[in-house]
Amino acid sequence: AYFFVVQLKNRINVSKNAVQLSQQRLTIAKNRYEVGSGNKQDYLLAQVDYNADQSNLLNQQQQFLNAKINLNQLLNRPENPDFDPTDSIL
């Protein structure tokens, strides 16, 4: 269960990077569309990808919280998931 918490923490970091990249792509697509060098489809696809990455990040964060609660239950500790795993799986 602990390694699952660590794995989810790593996934959140990857998801945060994906959101940042999607935000940059969305900004570029929007600017290109506004100046006329890009089409609306590229802009809308970038927006869809950005929204999907944000949704994925939120799902990962919720799974992380649930996994920490589950770990605390397994260790017979209070369910307050206020800890941050510092270990690495690698």
Item checked: Point-to-point distance, once rounded to the nearest 0.5 Å, from CD of Q54 to OG of S15 ->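 Reported to 0.5 Å precision, the distance equals 11.5 Å.
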Margin query: Test of understanding: with salt bridge (charged side-chain N to carboxylate O under 4.0 Å, His left out), list the residues that count as partners of R25, not counting sequence neighbours.
Written below: D49
Checklist line | Test salt bridge (charged side-chain N to carboxylate O under 4.0 Å, His left out) applied to D42 - qualifying residues, sequence neighbours left out | finding: none
Notebook entry, point to check: Quick one: ring pair (Phe, Tyr, Trp, His ring centres under 6.0 Å) partners of Y43, sequence neighbours excluded?
Noted result: Y33
Next item on the list: Go through F4 and N70 one step at a time and tell me if the side-chain contact (heavy atoms from CB on, under 4.5 Å) criterion holds.
Entry: CA-CA 10 Å; F4 185 60; N70 184 41; over 6 Å; no
Notebook entry, point to check: Quick one: does NZ or CZ of K9 land under 6.0 Å from the six-membered ring centre of F64, within 45 degrees of the ring axis?
Noted result: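 The answer is no; the distance or angle limit is not met.
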Checklist line | With sequence neighbours excluded, residues passing side-chain contact (heavy atoms from CB on, under 4.5 Å) with N17 | finding: Q20
Margin query: Checking Q24 now: which residues fulfil side-chain contact (heavy atoms from CB on, under 4.5 Å) with it, not counting sequence neighbours?
Written below: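 Partners of Q24 by the side-chain contact (heavy atoms from CB on, under 4.5 Å) criterion, ordered by chain and then number, come out as L21.
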Note to self: Quick one, K68 with L71, criterion side-chain contact (heavy atoms from CB on, under 4.5 Å). Give me CA distance, side-chain angles, the key distance, then yes/no.
What the structure shows: CA-CA 5 Å; K68 290 194 315 185; L71 179 61; 5.6 Å; no
Next item on the list: Tell me who clusters with L65, hydrophobic residues only, linked when side chains sit under 4.5 Å apart either directly or through other members.
Entry: I69
Item checked: Check: N51 main-chain N/O paired with S55 side-chain donor or acceptor under 3.5 Å -> no
Check: Passes side chain to side chain donor-acceptor pair (under 3.5 Å), N66 versus Q62? Steps please.
Finding: CA-CA 6 Å; N66 292 341; Q62 185 62 48; 3.2 Å; yes
